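Quick notes on the structure that follows.
Everything quoted here is computed from the prediction, not taken from an experiment. Both ligands and their constituent atoms are indexed starting at 1 by order of listing.
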Amino acid sequence: MTNLHAHGEVPVTDGELVAEASAQVAGAVSLDALAVVEGELLGRKSPLAARQKTLGALDPDARREAGQELQAVRGQIEALVAARRAVLEETAYAERLAADRLDLTEVLEGDPPWRGHLHLVQRTRDELEDVFAGMGFAVAEGPEVETDWYNFEALNMPPAHPARGMWDTLYLNLGEPETVVLRTHTSPVQIRLMQSQAPPVYAVMPGRCYRRDTPDARHIPTFNQIEGLVVDRGISFADLAGTIETFTTAYFGAGIHSRLRPSYFPFTEPSAEYEITCTICGGAGCRTCSHTGWIELGGCGMVDPAVFAAVGLDDETWSGFAFGFGIDRCAQMRHEIPDMRVLLENDVRLLRQI
Ligand code: DAH
């Protein structure tokens, strides 16, 4: 190896410099200590920097050669530091893991020990699926990240359609701006289903949805819906009303009924709001139902011809109905939960009860 210091003041060879650096790096037992050593070896006051300064006095050819050698030495020292840092970081991580370990055995208190159970929302979803399966419906699912086309356009909401304002959409930074969304409802699964299977369709589609909502007692920004879709020959609004009423009494009990009130959704015509007898007061009127005796669960209606057109189905041959309502809202109504936010908080004192 060349002695760089034939012309300079610092009397060490490359080899000595790297060996010395290697010993110092190995001696650093913590990330902080390594940072100090790194400064000493590579910083402005290091022997390396001192040598760098001597380069100016050399003639151009010698300077280039000496400069390259110096760079090589710097590279070797940097590699030593990086390797040591990786080792120390791993050790620090392992130590942190050991220190942060949570003792979860606490939840096994009790005799017999409490082993936990499915979350209320999951149980509600399972029960809803069971009721609809009993009525002859299949269960289908779709993605939570959707394109604008599935979430809006195919559902008869072209770009800039004012009805889009009914949903406070969360867009993802993917592709062209505002083309990929966290689905605001389960309705896009209707479209996927009609694309993937020929009628007749009798299906429910449960799943998580997202809206840019401020949480309050009856709204959470991450929530669950169950969508329903029937497509067959000769389906009428009476079929829709009958299905909704059958479901309501089957799920909530004999004293609870449904009513449909005229409403608007772009993907159904006519459209209705789906309400059930308030479970808190049994229909007599109370604060929860604003003294109406009814609680809104979701929306429904007859599939709009524009939706059939989007998936290439002939609306002369086929007719159908659809509905969509909140699973969390169902759980809230059936279990009389005053504030929906508790469903997301995972407070173990609550989870034990529900
Ligand atoms: N997607 C609607 C919402 O989230 C609910 C809905 C209304 C679903 C009418 C439907 C329907 O299938 O026909 O507000």
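- At a 4.0 Å heavy-atom cut-off, ligand 1 touches Ala322 through backbone and side chain alike.
- Taking 4.0 Å as the cut-off, Met205 does not count as a neighbour of ligand 1 on heavy-atom distance.
- Proximity of Phe325 to ligand 1 is not established, as no heavy-atom distance is less than 4.0 Å.
- When only non-hydrogen protein atoms are considered, atom 14 (O) of ligand 1 lies nearest to Trp167 NE1, 3.5 Å.
- In this structure, Glu227 does not pair ionically with Arg192, as no charged nitrogen and carboxylate oxygen lie closer than 4.0 Å.
- At least one heavy atom of Phe267 sits closer than 4.0 Å to an atom of ligand 1.
- Cluster annotation: Tyr274 and Ile327 are assigned to the same hydrophobic cluster (Ile/Leu/Val/Met/Phe/Trp/Tyr, side-chain heavy-atom contacts under 4.5 Å, transitive).
- Here Phe247 and Phe325 bring their ring centres to under 6.0 angstrom of each other.
- Using a 4.0 Å cut-off between charged nitrogen and carboxylate oxygen, Arg123 and Asp126 do not count as a salt-bridge pair.
- Between Glu141 and Arg125, the shortest heavy-atom distance links the atoms OE2-NH2, 2.7 Å.
- Between atom 9 (C) of ligand 1 and the options Cys300, Gly228, Ser263, Cys209, the minimum heavy-atom separation is to Cys300.
- Within the 4.0 Å heavy-atom shell around ligand 1 one does not find Ser271.
- Among Arg211, Glu273, Met166, Glu227, the residue whose heavy atom lies nearest to atom 4 (O) of ligand 1 is Arg211.
- Under a 4.0 Å criterion applied to the non-hydrogen atoms of Gln190, ligand 1 contributes the atoms 12 (O).
- Residue contact check for ligand 1: Gly298 places no non-hydrogen atom closer than 4.0 Å to it.
- For ligand 1, the atoms sitting less than 4.0 Å from at least one non-hydrogen atom of Gln225 are 3 (C), 4 (O), numbered in the order shown with element in parentheses.
- The heavy-atom pair separating Ile337 from Val342 by the smallest distance is CG2-CG2, 3.7 Å.
- Cation-pi geometry between Arg211 and Phe223 is not satisfied (NZ or CZ under 6.0 Å from the ring centre, within 45° of the ring normal).
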